Structure formats: C-alpha cells, structure tokens
Amino acid sequence: MEKIILDTKNLKKFGMTMGIAFLVIAIFIIIRHKHSPLPVLIIALIFFIMGVVTPALLKPAYIAWMRFAYLLGWINTRLILVIIFYLVLTPIGLVMRLCGIDSLERKINKKAGSYWKKRELTKPSYERQF
C-alpha cells in the first residue's frame, strides 16, 4: 500500500469532500423520501467544521477511509479483469474456435514445411518503408 500523505491540505480537502458528500446524501433524502435527514446534516456539518478548524482531528477517519479505498481498488481491479476475460474474451475465443477462424494463421504451409508465407513482390516504395 502506498504511503498515506497526512498533510493539512489533504485533511482539509477530505473534510470538505466528506461534508459535501453527506450534504448531497441529505438533499437526496429530502427529495426522494420527503423527511428530515437531521443526523446526516449534523455529520456533514461536523466534517465541514473539522475540515476548516481542526483538520488534525480527521487523521484517524482519513487513514481508515484511504485503507478502505485501497481495498476497494484492489478488489475492483481484479473483478473488472475477471469479468472482461470471462464475459468478453472467452466467448469471442470460443466462437472463433467453433467457426475455425485462426487469426494468427498458425497452420503450417505444407509446401514449404514452415509457418512462413511467401510475400508477393511489389514495387518498392521509398516513402512508406514500414
């Protein structure tokens, strides 16, 4: 895990971000459920105040949140790679195998006895060499 930077700027930013996040949650509760989200508003206010006045008090919450974020990133990376491999690449490979498609052209040339293919001779182009 990377080293967590615990400077005042990051702690203030964390306090503001969490305050805004809880404020958005409170607004969502008001709009969607039509009742007072007083505990969520209090938590948002606490994060705002701690972020502005005493960001050092946010260190334990910031460290816990960053460790949780690291764990989520580790899990999500593997989960996304597994989903892409088994739901995208594996079916494509199975369909290509069933259809007899060999995109790498790995069949041996019977005449030459190798994988090499004869290239047709073309007029050389000195402008596009590759």
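What you are looking at is a predicted structure, and each value in this text was computed from that prediction instead of being measured.
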Only one of Val95, Leu94, Val88 passes side-chain contact (heavy atoms from CB on, under 4.5 Å) with Ile92, and that residue is Val88

Closest non-hydrogen contact found for Gly15 with Leu58 is CA-CD1, 3.6 Å

In terms of hydrophobic clustering (I, L, V, M, F, W, Y; side-chain heavy atoms under 4.5 Å; direct or indirect links), are Phe22 and Ile42 co-clustered?
yes

Taking every heavy atom of Ile4 against every heavy atom of Met66, the minimum-distance pair comes out as CD1-CB, 3.7 Å

Between the CD1 atom in Ile83 and the CZ atom in Arg78, the distance rounded to the nearest 0.5 Å is 14.0 Å

With sequence neighbours left out, the residues meeting ring-ring contact (aromatic ring centres under 6.0 Å, His included) with Phe48 are none

In residues 28-41, what donor-acceptor pairs under 3.5 Å come from side-chain atoms, sequence neighbours left out?
{"unit_1": "Lys34", "atom_1": "NZ", "unit_2": "Ile31", "atom_2": "O", "d": "3.0"}

Heavy-atom closest pair (Met50 atom, Leu57 atom, distance to 0.1 Å) is CE-CB, 3.3 Å

Hydrophobic cluster membership, with links at side-chain heavy-atom distances under 4.5 Å among I/L/V/M/F/W/Y: are Ile63 and Ile46 in one?
yes

Exercise. For the hydrophobic clusters of this structure (ILVMFWY residues joined by side-chain heavy atoms under 4.5 Å, transitively), does one cluster hold both Leu23 and Ile25?
Worked result: no

So OG1 of Thr77 and CD1 of Ile80: to nearest 0.5 Å the spacing works out to 6.5 Å

For Lys12 and Val52 the tightest heavy-atom approach is CE-O, 4.3 Å

Note to self: Using the rule that Ile, Leu, Val, Met, Phe, Trp and Tyr join whenever any side-chain heavy atoms are under 4.5 Å apart, tell me whether Met18 and Leu6 fall into a single cluster.
What the structure shows: yes

The reported gap from CG in Leu79 to CH2 in Trp74 (rounded to nearest 0.5 angstrom) is 11.0 Å

Does Leu89, at its CG atom, have more than 12 non-hydrogen atoms belonging to other residues, nucleotides or ligands within less than 6.0 Å?
yes

Heavy-atom closest pair (Thr8 atom, Pro55 atom, distance to 0.1 Å) is CG2-CG, 3.7 Å

Between Phe14 and Phe47, what is the ring plane arrangement, given parallel below 30°, perpendicular above 60°, and tilted in between? perpendicular

